Student: 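Shown below is the structure under consideration.
Scope of the values below: all heavy atoms of this structure, side chains included, with no hydrogens, waters or symmetry mates. We count residues from 1, following the sequence as given. In this text, all values refer to a predicted model and were calculated from it rather than measured experimentally.
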Amino acid sequence: MSSESASVLEEPQRRRRSRHRIFWNIVNPPTRRLAGFAPWWVLLETKGRRTGTSRTTPLARGPVDGDVVWLNSVHGRHAHWVRNLEATPEVRIKLSGRWHHAHATVHEYDEAIVRRFNAYARSGPRTLGIDPVLVRVDLRP
């Protein structure tokens, strides 16, 4: 985490986020193999905002409305993958075993949209959340 984003969070939130990062560093590597195939997960590929290298993140999938997939960021704009897609909104998403090119945008947390997420995806912001936001991913043909 950069010192810029660390200064935005208060000390208890920084410690909490640090604990969560340790957990996700353990859980994410094996999850990446299943994400994109399991119906409750997707695999999101962003470009690193500093290095430009591809970064893949397994995420809980929200509702799919035609060519729009909703995701939630438990740590909001503090999450590296969100900061990456804000810098470069062109992403790829693995959904139902297939990669799709897409454009992602960050939106304020909206309970009406979140109610449509499955129970697993809804639980993240409630239990681990620090300033959660929603991410709208528009699939490209």
Student: Heavy atoms only: give me the nearest S73-W81 pair and the separation to one decimal.
Tutor: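 For S73 and W81, the tightest heavy-atom pair comes out as CB-CZ2, 3.6 Å.
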Student: Which atoms form the tightest heavy-atom contact between N84 and K47, and what is the distance?
Tutor: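 Heavy-atom minimum between the residues: CB-O, 3.4 Å.
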Student: Between A104 and V135, what is the shortest heavy-atom contact and its length?
Tutor: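 The pair with the smallest heavy-atom distance is CB-CG1, 4.1 Å.
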Student: State yes or no: do V106 and V137 share one hydrophobic cluster built from I, L, V, M, F, W and Y residues joined by side-chain heavy-atom distances below 4.5 Å, directly or via other members?
Tutor: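 Looking at the clustering, V137 is in the same group as V106.
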Student: Looking only at atom types and distance, does a side-chain atom of D65 sit under 3.5 Å from a main-chain N or O of V68, one as donor and one as acceptor?
Tutor: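 No, D65 side chain to V68 backbone: no donor-acceptor pair under 3.5 Å.
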Student: How far apart are the closest heavy atoms of E45 and W99, and which atoms are they?
Tutor: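 Answer, listing the atom of E45 first, then W99: CB-CZ3, 4.0 Å.
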Student: Just wondering, do R61 and W41 contact through their side chains at under 4.5 Å, heavy atoms?
Tutor: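 They are not in side-chain contact.
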Student: Any heavy-atom pair between the side chains of I113 and Y109 that's under 4.5 Å?
Tutor: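 SC-SC contact between Y109 and I113 ruled out.
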Student: Decide yes or no on side chain to side chain contact (heavy atoms under 4.5 Å, CB included) for L44 and L85, but give the supporting numbers first.
Tutor: CA-CA 10 Å; L44 185 71; L85 70 82; 4.1 Å; yes
Student: Would you give the length of the straight line joining atom NE2 of H80 to atom OG1 of T46, rounded to the nearest 0.5 angstrom?
Tutor: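 Separation between the atoms: 11.0 Å.
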Student: Step through the shown structure and confirm whether more than 12 heavy atoms of other residues, nucleotides or ligands are within 6.0 Å of CZ on R140.
Tutor: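 Above 12, so yes.
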Student: Does one hydrophobic cluster hold both V64 and W70, with members joined at side-chain heavy-atom distances below 4.5 Å?
Tutor: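 Not linked; separate clusters.
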Student: Could you check if a side-chain atom of H103 sits within less than 4.5 angstrom of a side-chain atom of E90, using non-hydrogen atoms only?
Tutor: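 A side-chain contact under 4.5 Å exists here.
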Student: Does S54 have any side-chain hydrogen bond (donor to acceptor under 3.5 Å, both in side chains) partners at least two apart in sequence or in another chain, and if so, which?
Tutor: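 Testing S54 for side-chain hydrogen bond (donor to acceptor under 3.5 Å, both in side chains), a comparison that skips the adjacent residues, returns none.
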Student: Answer yes or no: is there a donor N or O on one side and an acceptor on the other, between the side chain of D131 and the main chain of H78, under 3.5 Å?
Tutor: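 Checked: no pair found.
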Student: Where do L134 and E108 come nearest, in terms of heavy atoms and distance?
Tutor: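 Closest approach of L134 to E108, heavy atoms only: CD1-O, 3.9 Å.
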Student: Holding to side-chain hydrogen bond (donor to acceptor under 3.5 Å, both in side chains), I want the full list of residues that pass it with H101, two or more places apart in sequence or in another chain.
Tutor: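 So H101 forms no side-chain hydrogen bond (donor to acceptor under 3.5 Å, both in side chains) with any residue.
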Student: Under 4.0 Å between a Lys/Arg side-chain N and an Asp/Glu carboxylate O for R49 and E86?
Tutor: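 A salt bridge is absent here (no side-chain N lies under 4.0 Å from a carboxylate O).
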Student: Taking only residues two or more places apart in sequence or in another chain, which ones pass side-chain hydrogen bond (donor to acceptor under 3.5 Å, both in side chains) with D138?
Tutor: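 D138: side-chain hydrogen bond (donor to acceptor under 3.5 Å, both in side chains) contacts with R136.
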Student: Report yes if the side chains of V74 and P132 come closer than 4.5 Å at any heavy-atom pair, otherwise no.
Tutor: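 When only atoms from C-beta onward are counted, P132 and V74 do not touch, as no gap falls below 4.5 Å.
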Student: Set out, in order, the CA-CA distance, both residues' side-chain angles and the distance that settles side chain to side chain contact (heavy atoms under 4.5 Å, CB included) for H100 and R92, then state yes or no.
Tutor: CA-CA 5 Å; H100 303 272; R92 287 191 336 146; over 6 Å; no
Student: Exactly one of V82, V42, V133 should register a side chain to side chain contact (heavy atoms under 4.5 Å, CB included) with L71. Which one does?
Tutor: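 Among V82, V42, V133, the one that satisfies the side chain to side chain contact (heavy atoms under 4.5 Å, CB included) with L71 is V42.
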